[in-house]
Amino acid sequence: MTKNLDFPKKFVWAVATSSYQIEGASDADGKGLSIWDTFTQIPGKIKNGDTGNIACDHYSRWREDIKLMKDLGVDAYRFSIAWSRILPKGNCGLINTKGLDFYESLVDALLEENITPFITLYHWDLPQALYELGGWPERMIVDAFAKYADIVSSRLGDRVKNWITHNEPWVVSTHGYLNGSHAPGHSNWKEALATAHHLMLSHGLAVKAIRSNAPDAKVGITLNLCPAVPASNSHEDHQATRIFDGEFNRWYLDPLFKGRYPADIINNHLKKTRVSENDLDFIKDGDLAVISEPIDFLGLNYYSRAIIRSDEIPDNQNAKPVVLCGEKTDIGWEIHADSLYQLLMRLKNEYPIKSIYITENGAAYNIGPDKNGNISDTKRIHYLKEHLSAVHRAISDGVSLDGYFAWTLMDNFEWAEGYTQKFGLVWMEPETLNRIKKDSFLWYQKTIHDNSILL
Ligand code: IFM
């Protein structure tokens, strides 16, 4: 039996992208280098030696991309600004007006089509010049980011009413400064923790800067949150799950919404196992008050859950796992829509959050065109359907969830995976960069049109 799930009238249907993943034009019109421009040049860092030098060439083809979005029927579009297009040398040196002009044209054209722009200020492409001054582990970066936020919002704040300071600070800290799989490729606990702190502190200052230029704007931050479950009922697996949750989720949620770091993680874990007392001296008096500046919405990126197995004891001494990993997408992430529902309910019950947007959700399926040129990505449709059902259920159970941004409009540069992992609703023809709509595009188009999913 089929059934319709209708969404609230004002529900925002949208798609998201990010600058380095789609723009290309890595040195056009006065743009400075970013850490991703340099990291992708290091042999062995990115699959197939791929780079974002050309990416989807959105910098030239943005009009075509807006047409695609118009055709899709979205209410909103989330994109990020490349900091080094605006300030090629970070915060010292001239503002590159051509960079600002580019984003202004994009914003004006979106508004003309009735597509609401959501700007993300930082989606990982730090100006190389700021990295050379010490980057995120150094406190100077906090003022540099606030200044950049001020420059962009003073130019666009009269038209852009939705702002996201950072995208996924956990990824910047963990992949950039702890396991080194992302730019700038460091592996150092103290740097990773300082990076996370400075990202959050700079977020608080940027909120104020944006509001002073656009008092009627809604400002938020996007976190990637990952619900965790113990693999077994053992004490060790439960402990490991609490720590995982503390480092991954509470480390960002608690400062933002409770004005403090999670004490169990600071005292019983980090100081005992990772760093010394002095290593946390980057946290200064008053910082948490800045970080917890009230925000208008939380952006939530959700892809999967984590099943946690302790490594404190040998596996054969631990209890038998009872939670097993289910089906995965092509990138190897488990599909678990119910965890999205549980996460949304947890956010509602544990944190004073005014409004939530799902700012990213989607799946990597790498299927390409068949001999007739059709792209039957039915597995992505299934993934989106299941996750939107979870969203619908959460809304029915009282979560203030105002919109959903599918990740992503078109196949693009997937960081260390290069172009091997395809999350797009639109296929990017490798040689020509022609855009071809996948079946999931047509499905999302109908969903948006009906404001409803058919199960
Ligand atoms: O492509 C990324 C995006 O840049 C940030 N969130 C996760 C996506 C899929 O890995």
Side-chain angles (χ1 to χ4, degrees), residues 14-24 34-37 39-40 45-48 50-52 55-56 58 65 77-83 118-126 164-176 179 181-184 195-196 199 220-227 248-249 252 298-306 328-336 339-340 343 356-366 377 379-380 383-384 387 404-428 440:
V15 281
T17 64
S18 90
S19 45
Y20 189 74
Q21 294 182 271
I22 64 165
E23 284 179 0
S34 83
I35 54 172
W36 275 93
D37 291 316
F39 189 68
T40 50
K45 293 292 182 193
I46 312 294
K47 282 209 179 130
N48 302 327
D50 289 340
T51 76
C56 308
H58 170 79
D65 294 334
Y77 172 46
R78 172 181 177 231
F79 62 94
S80 77
I81 304 248
W83 188 343
F118 276 60
I119 285 185
T120 306
L121 285 169
Y122 188 68
H123 199 124
W124 311 351
D125 38 1
L126 181 70
I164 293 166
T165 54
H166 288 292
N167 181 67
E168 303 183 353
W170 179 90
V171 172
V172 180
S173 163
T174 307
H175 290 322
N179 65 38
S181 61
H182 279 193
T195 290
L199 284 161
I221 184 170
T222 282
L223 302 181
N224 57 313
L225 299 176
C226 184
F248 205 118
N249 302 317
Y252 300 91
L298 173 71
L300 168 63
N301 291 357
Y302 175 81
Y303 289 90
S304 188
R305 68 168 178 178
K328 296 174 178 175
T329 62
D330 286 353
I331 202 170
W333 300 347
E334 187 192 8
I335 305 165
H336 209 271
S339 289
L340 172 58
L343 171 61
I356 298 175
Y357 285 97
I358 305 284
T359 42
E360 285 181 30
N361 175 241
Y365 285 111
N366 303 329
D377 55 340
K379 287 186 175 169
R380 187 182 338 271
Y383 180 100
L384 294 175
H387 287 77
Y404 177 91
F405 292 70
W407 184 265
T408 178
L409 176 63
M410 53 201 165
D411 295 339
N412 59 43
F413 178 80
E414 177 54 28
W415 309 110
E417 301 293 325
Y419 294 95
T420 62
Q421 297 300 324
K422 302 184 190 307
F423 283 83
L425 301 172
V426 172
W427 171 263
M428 188 69 38
S440 58

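Just follow the structure's listing: the first ligand is 1, and inside any ligand the first atom is 1. Computed from heavy atoms alone, side chains included, the values below leave out hydrogens, waters and symmetry copies.
- The H123 neighbourhood of ligand 1 comprises atoms 3 (C), 4 (O), 5 (C), with distances under 4.0 Å to a heavy atom of that residue.
- The shortest N/O to N/O separation between N301 and ligand 1 does not fall below 3.5 Å.
- A salt bridge is absent between E414 and K47; no separation between the charged side-chain nitrogens and carboxylate oxygens falls under 4.0 Å.
- The ring-ring contact (aromatic ring centres under 6.0 Å, His included) with H175 is formed by just one residue from the set W415, W36, W170; it is W170.
- Remark: ligand 1 and E360 share an N or O pair separated by less than 3.5 Å (distance only, no angle test).
- No N or O atom of W333 sits closer than 3.5 Å to an N or O atom of ligand 1.
- Residue W415 places at least one N or O, backbone or side chain, under 3.5 Å from an N or O of ligand 1.
- In this structure, T165 contributes its side chain and I221 its backbone to no donor-acceptor pair below 3.5 Å.
- Nearest to atom 10 (O) of ligand 1 among the protein's heavy atoms is E414 OE2, 2.5 Å.
- Residue W124 places no N or O, backbone or side chain, under 3.5 Å from any N or O of ligand 1.
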Derivation and outcome, ring-ring contact (aromatic ring centres under 6.0 Å, His included), residues Y77 and F118
CA-CA 6 Å; Y77 172 46; F118 276 60; over 10 Å; no

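- Partner T359 forms a side chain to side chain donor-acceptor pair (under 3.5 Å) with one of N167, N301, T120 and no other, that one being N301.
- Atoms of ligand 1 found under 4.0 Å from any heavy atom of E168, numbered from 1 in the order shown, are 5 (C), 6 (N), 7 (C).
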For a side-chain hydrogen bond (donor to acceptor under 3.5 Å, both in side chains) check, start with the C-alpha distance between N361 and Y404, then their side-chain angles and the critical distance, and finish with the verdict.
CA-CA 8 Å; N361 175 241; Y404 177 91; 2.7 Å; yes

